[in-house]
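Notes for the one structure printed next.
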Amino acid sequence: MRTARLEDGELRIMERPDPEPGYEEAVVRITAAGVCHSDVHLLKGDWTGVARSGPFGHEGVGIVEALGPGAERYAALGDRVIVGLGGSGGGYWCGACEHCLGGKPRLCRQGKGILGTYSEQLKLFAKSMVVLPDSIGDHEVPLACGGLTAYGAVKKLNQYSLVPGSWVAVLGAAGGLGHYAVQIAKHWGYRVVGVDVGADRVQFVRSLGADLAVDANEAAAVVRQTIPGGVHASLVFTPRVAGFRLGMDLLRRGGMFVGVGIPADKEGGIEISPWELFGKDPLIMFSAVGTVQDMRELVQLAADGHVRTHVSRTGKLSELSTILDELESGAYTGRAVITDLSN
Ligand SMILES: [Zn+2]
Ligand SMILES: [Zn+2]
């Protein structure tokens with residue numbers, strides 16, 4: 001099979017033997033692979049301690065082609081499935097530890113990620129596949145990580161009882177994750193301030209249905225004038241530390257701060273003084289991807305037409321390196337998708 005891998009931080013496209021499924025594993029023929037901003041960070045070595053050799057890519061749609069022993073309980077041959085879970089979790093979880101039984105299998109000590117969707121075929125843990133209805137096309141493949149991560153973050157608002165009508169700031173609202181978050185938050189009845197950088201991106205955020213769409217440079221002033229006290233929650237998708245700081249600045253007293261993007265280590269950290277914590281008393285948390293159940297819920301939202309994937313660029317596997325460069329420079333809104341894994 002044809003596949004793209006990382007080898008010591010270099011992107012290589014090569015032939016590898018076709019995979020054989022083991023116990024509770026399936027082999028999926030990938031028909032579309034989403035290009036995630038995390039792939040740019042992995043390629044550039046932005047995150048200390050993350051392996052830079054091995055299978056690459058973590059958003060896939062494809063057809064189940066082979067099933068190992070026991071896997072037939074979770075999928076059938078010929079099923080069209082979405083796989084990925086953001087590469088973090090989903091490759092394996094034990095199902096028996098405190099984290100798995102507590103609803104956070106991503107934290108399982110035996111857990112593994114799903115990597116290797118930039119390939120003609122992918123071998124994976126059959127329990128992590130979610131069957132797609134025909135109404136969801138291959139171009140919706142970024143639901144696998146971008147969509148799921150946005151869904152998981154907006155669901156946090158719900159889990160912490162933020163009532164509909166509350167103001168939610170989405171930072172990085174025109175990007176691969178943020179554009180989903182705007183749609184999901186609007187569908188759930190929140191009022192949304194979408195923040196991004198540049199007139200085109202702000203216009204795109206407005207087209208998604210945001211109540212307010214503003215440039216990051218003006219966001220603090222606009223929110224101060226329009227929303228007395230500030231927003232009830234900030235969801236920070238942008239991979240820039242400045243976006244984290246802005247998310248905290250926009251927040252009202254007692255507001256909810258949800259970090260999602262992971263800036264490069266060299267950007268350093270966000271500074272918060274204890275005095276600011278005393279005055280604002282915020283609820284601070286992080287949200288990373290989601291579970292298989294979250295993925296099923298998101299697929300249903302998309303099937304019902306409440307969430308659409310904005311794809312600005314499609315290409316072949318051989319164009320992956322170019323596409324990653326374009327993504328890094330913020331060349332387009334929404335997502336890019338590889339639609340031909342054999343060339
Ligand atoms: Zn991702
Ligand atoms: Zn476990």
Side-chain angles (χ1 to χ4, degrees), residues 4 6 11 24 30 32-44 46-47 50-52 54-61 82-119 122 124-125 127-128 130 139-154 172 175-181 184 235-239 259-264 286-295 298 307 309-313 320 323-324 326-328 330 334-338:
L6 283 188
L11 179 62
E24 289 193 339
I30 301 290
V35 184
C36 178
H37 206 277
S38 299
D39 297 334
V40 176
H41 289 299
L42 290 171
L43 190 60
K44 293 183 63 193
D46 281 342
W47 298 331
V50 178
R52 299 184 69 206
F56 196 34
H58 57 266
E59 293 183 344
V61 164
I82 187 163
V83 299
L85 299 187
S88 174
Y92 179 78
W93 64 90
C94 80
C97 71
E98 59 178 312
H99 302 300
C100 287
L101 293 172
K104 291 189 172 178
R106 190 182 74 89
L107 302 180
C108 176
R109 284 187 174 278
Q110 296 182 52
K112 288 187 220 152
I114 294 176
L115 287 171
T117 52
Y118 296 133
S119 298
L122 172 72
L124 81 164
F125 192 42
K127 290 180 187 179
S128 69
V130 173
H139 67 284
E140 305 272 358
V141 62
L143 289 170
C145 168
L148 183 69
T149 303
Y151 181 74
V154 180
L177 284 66
H179 86 287
Y180 286 117
I184 297 164
L235 307 180
V236 184
F237 293 95
T238 174
V260 187
I262 310 177
F286 197 86
S287 184
V289 291
T291 64
V292 169
Q293 179 55 27
D294 292 331
M295 192 70 236
L298 176 61
V307 181
T309 302
H310 183 80
V311 177
S312 290
R313 167 78 149 106
L320 179 57
I323 291 174
L324 288 165
E326 292 167 355
L327 197 62
E328 191 190 1
R335 280 293 212 193
V337 172
I338 304 291

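Read the numbers this way: they start at 1 and go in the same order the structure lists the ligands and their atoms.
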side-chain contact (heavy atoms from CB on, under 4.5 Å) with [X]: which residues, sequence neighbours excluded?
X	answer
Leu101	none
Ala32	Asp138, Val141, Val337
Ile323	Val35, Arg313, Glu319, Glu326, Tyr332, Ala336, Ile338

Could you measure the distance from the [atom1] atom of [X] to the [atom2] atom of [Y]? Nearest 0.5 Å is fine.
X	Y	atom1	atom2	result
His99	Arg109	NE2	CZ	6.5 Å
Thr149	Leu298	OG1	CG	10.0 Å
Leu107	Cys97	CG	SG	8.5 Å

Can a donor-acceptor pair be found between the side chains of Thr309 and Glu140 at a distance below 3.5 Å? yes

Quick one: the NE2 of His58, the Zn ion (ligand 1), SG of Cys36 angle, rounded to 10°, please. 110°

2.8 Å cut-off met by an N, O or S atom of His37 to the Zn ion (ligand 1): no

Listed protein N/O/S atoms, distance to the Zn ion (ligand 2) under 2.8 Å: Cys94 SG, Cys97 SG, Cys100 SG, Cys108 SG

